Structure formats: C-alpha cells, structure tokens
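What follows is a single structure, written as structure tokens, with notes after it.
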Amino acid sequence: MHVHATIDPQDTVNQDAFLDGLWKQNPVFVQVLGTCPTLAVTNSVSNALAMGAATLFVLVCSNVLISLVRKLVPKQVRIATYILIIATFVTVVDYVIKAASITVYKALGPFIALIVVNCIILGRAEAYASRNPVGRSALDGLGMGIGFIIALLCLGGVREILGAGTFLGYPLFGPGYQPWVLFLLPPGGFFTLGAWLLAFNAWKRRKEKTA
Amino acid sequence: MNPRADLPPSGRLIRLMAVVSLLCGVIIVAAHKTTLEPIRRNQAAISRENVALLLPGASRQIAYGLTPAGEIEILTGDPAGREHFLAVYDQAGSLRGIVWEAAERGYADLIRGMFAYDPEGQKVTGFRAVELKETPGLGDKIGTDPGFLANFRALDARLNQVGDGLANAIRAVKHGTKKNEWEIDAVSGATVSSRAVGRMLDRSARRWTPVIQRHLDRVRKGH
C-alpha cells in the first residue's frame with residue numbers, strides 16, 4: 001500500500017515565517033537593521049544575551065497584539081498605534097530586567113528604552129504582523145528575535161573572547177593572556193560587525209556560484 | 001472623486017486610539033505592580049551589599065535626612081529619593097562609620113558612588129562605584145583598580161577651623177603626582193573619570209561632614 005505524504009502549504013508558510021528570520025533574512029547580517037544596540041551592547045556575551053532576549057520578547061508580544069488589532073486599525077493611525085504597543089512592551093521588559101537583575105539592567109543602560117526605536121520591531125509590525133494572522137506573526141517575531149540573538153551572540157562572543165579573554169565571565173586563556181581591549185571599545189564593535197558581514201556575504205556568494 | 005471619501009471619521013480614530021492606549025496602560029500598570037517589590041528588594045540588597053563591603057561588620061543602619069532647619073532626622077521607610085546619609089552600627093551597637101551616596105558627570109555618563117566616612121578620625125575610608133558607564137578597560141578602572149581604591153583607605157576629610165566645610169579641598173591629581181593626604185592619585189588613562197570622583201567626593205563631603213560632626217553625639221547613640 002502506498003501512502004502519499006502531502007505537505008500542507010500552510011505548514012510551509014509557517015515554517016518560512018519562523019526560519020527566514022534565523023538565517024535567510026537575519027535582521028543584522030542580511031537586513032543590517034538594529035545596528036545601534038548591536039554595536040553598543042555586544043561587549044560581553046551576557047549583555048548580548050540579555051538585550052537579545054529583551055528584543056525577542058518585545059518582537060513576539062508586539063507582533064501578536066498588532067496582528068490581533070490589524071483589522072480594526074485604519075492606516076491613518078497605524079504607525080502611532082504600533083509605536084504605542086511597542087513602547088508598552090519595552091516598558092514591561094524594562095521593569096522585568098530591573099526586577100530580575102540590577103547588574104544586567106545597569107550594563108544595558110539606555111539601550112533597553114531604545115528598543116522602542118529598533119527598526120527591526122517596527123519593520124516587522126509594518127511588513128508582517130499588520131498583514132498576517134496571529135500565529136504566523138508570533139512565529140515571525142520568534143524567528144526574527146532568535147536571529148537577532150544569534151547575531152548579537154556572534155558579536156558578543158568574539159568581542160568578549162578577544163577583548164577580555166573570557167566567555168560568559170569565565171577566563172579562557174590563563175593569567176598570561178593580554179586582553180585586546182580595543183574589542184570592548186566602540187571601534188571593536190565596528191571591526192567585528194564588519195568581519196561578520198564580510199564572512200556572511202562571502203558565504204552567500206559562494207553558495208550562489210555553486211547553485 | 002472625493003479624496004476624503006475613504007477617510008474614517010475622526011471620532012472613530014480617536015476612540016480607537018483611546019482604547020489601544022487604555023489597553024497599553026493596563027499592561028504597563030500590571031507589569032509595574034508585579035515587579036515593584038522585587039525591584040525594591042534588589043535595590044535594597046545592592047545598597048546593603050555595598051555598605052557591608054565598605055564597612056565590614058555592619059549589622060544595623062539608620063538613614064538620617066535633613067529638616068528644613070538643618071537638623072538631622074531619622075528617615076523611616078525607603079530613604080531613596082530623599083537626600084540622606086546612613087549611620088552604620090556593629091552588633092554591639094557601636095557606630096562603625098557613615099556612608100553616603102553621591103553622583104557626578106564622568107567621561108561617558110553620570111558616575112554614582114558610595115563613600116564611607118570615619119567621623120572619629122575625620123577620614124574617608126572607602127569608595128564603591130554604584131553606577132558606572134565609563135569606557136570599558138579605561139575609565140571603568142575607577143571602580144576596580146586597587147591602586148585607585150587605595151586612595152580611599154584614609155583620605156583626609158578634616159573640617160576647617162569654623163567647622164562649616166573641609167580644611168582642604170579634595171581633588172584628584174595626575175597619576176604619580178599625589179603629595180597630600182587629601183589628594184586622590186588618578187588612574188593613568190582615566191584622568192577625567194578620576195577627577196569626577198574627586199569632585200563628587202569634595203562636594204558631598206562639604207555637604208555632609210559639617211552636619212555629621214555637628215550631630216555626632218546623636219548619631220553615635222542612634223537617636
């Protein structure tokens with residue numbers, strides 16, 4: 001007996017909504033969005049992780065709420081409504097981080113509040129959540145958020161290892177290691193992001209040639 | 001064709017924005033209420049931790065504020081938001097020292113610090129950076145550099161003859177040029193941040209040391 005396995009096109013769409021943000025449409029490495037926090041808070045892995053988790057939370061929650069109200073909001077007031085919703089979840093995440101760890105809160109400084117103007121979030125609200133159902137919008141937020149975390153960790157990992165000789169605070173090279181402090185400073189952020197973009201584009205070009 | 005034909009009525013737009021604002025307001029208030037207590041606990045724990053590091057053996061502390069007449073009064077409840085100093089006592093109830101917080105603009109942002117003061121010897125005996133966003137690897141050394149922190153083991157903060165200010169202005173001097181006990185030897189490569197700490201201490205010591213010395217008997221007894 002033959003069983004024909006059929007792929008539900010709905011599943012493929014949902015899968016794409018999630019996977020695109022992770023790699024193919026990675027917000028930092030492909031769309032080059034949200035570079036302000038990407039450069040500013042990736043001087044350690046823990047900061048990168050905290051900022052990534054905060055952005056992921058805001059992305060998912062704002063995508064869900066915006067998708068829920070998308071049919072009620074006329075286009076004339078959509079941007080104002082989206083900003084209001086995004087700012088609400090940023091305020092929530094600000095309180096939550098402060099309650100969870102004052103140390104992390106202090107390390108992230110003003111960049112928590114600046115999530116409101118992170119163009120990844122408004123971009124996904126306008127381009128995806130305002131046109132798609134709740135489930136798919138949540139998956140899109142989740143994919144983009146995890147993609148953002150991956151990018152921040154790529155930068156934070158390199159910068160902390162080279163700039164402090166540690167990973168998540170644990171020393172890697174022993175007492176003889178002379179840290180490359182430049183990588184913890186703003187120029188180090190630009191160098192590292194540039195190097196990652198170079199590597200990403202080289203990989204994409206090679207893939208296009210072999211295809 | 002009328003360009004306003006597809007424009008929704010203003011009343012509907014306003015009502016919609018009001019409903020969305022109300023919903024957002026409810027979410028924010030709920031988050032605030034839920035996290036208020038943990039945030040207070042965290043801040044109090046950080047403050048206690050800093051006091052314990054500045055004055056080992058601390059067992060009890062009393063927050064003193066100032067009345068409009070310039071007298072001291074015990075602050076009950078959370079003293080945050082009111083100008084105050086902390087009198088710290090050991091288990092036997094003896095005064096271990098005084099701690100106050102101060103802030104000053106540094107190289108990158110506001111530096112917030114906590115100072116310990118020995119009222120008997122009229123010396124500053126410790127410094128902790130409570131909030132610091134100075135350049136990593138350079139300016140942020142003011143919070144960790146052992147040489148810099150050693151400045152605050154017994155920094156001269158004597159009152160002048162009249163008792164209304166410091167006998168000598170406290171200031172940070174270039175690394176390696178410290179000559180007097182009221183000077184702070186700056187961290188090499190972090191002179192701006194070090195000077196900010198000097199200004200912060202000078203200003204706050206001028207503010208608090210005359211008050212503390214004037215009311216020292218009361219503070220010793222914890223009244």
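Proteins get letters first, then strands, A, B, ... in listed order; numbering begins at 1 in each. Computed from a predicted structure; not experimentally measured.
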Would you mind telling me which of A/F29, A/W203, A/F191, A/F190 makes a ring pair (Phe, Tyr, Trp, His ring centres under 6.0 Å) with A/W196?
A/F29
Note: B/E104-B/R112 ion pair, threshold 4.0 Å (strictly below):
no
Between B/V29 and chain A, with a heavy-atom cut-off of 4.5 Å, which part of the residue counts as in contact: side chain, backbone, both or neither?
neither
Heavy-atom contacts under 4.5 Å, residues 75-82 of chain A to chain B
A/K75, A/Q76, A/V77, A/A80, A/T81
The side-chain contact (heavy atoms from CB on, under 4.5 Å) partners of A/A50 (sequence neighbours excluded) come to A/V104, A/L108
Is it true that A/D140 and A/R124 make a salt bridge, defined as a side-chain N closer than 4.0 Å to a carboxylate O?
yes
Side chain, backbone, both or neither of B/L36 within contact of chain A (heavy atoms, under 4.5 Å)
neither
Of all the residues in residues 40-60 of chain B, which have a heavy atom that comes within less than 4.5 Å of a heavy atom in chain A?
B/N42, B/Q43, B/I46
Please look at B/L16 and chain A and tell me whether the side chain, the backbone, both or neither of the residue comes under 4.5 angstrom of a heavy atom of that chain.
side chain
Basic-acidic side-chain contact under 4.0 Å: B/D202, B/R206
yes
Going by side-chain contact (heavy atoms from CB on, under 4.5 Å), name the residues that satisfy it together with B/S21, two or more places apart in sequence or in a different chain.
A/L84
Under the criterion side chain to side chain contact (heavy atoms under 4.5 Å, CB included), which of A/T42, A/L39, A/L155, A/T38 is the partner of A/T192?
A/L155
Would B/E183 and B/K178 count as a salt bridge (charged side-chain N to carboxylate O under 4.0 Å, His left out) here? Give the steps.
CA-CA 6 Å; B/E183 287 173 340; B/K178 174 176 167 149; over 6 Å; no
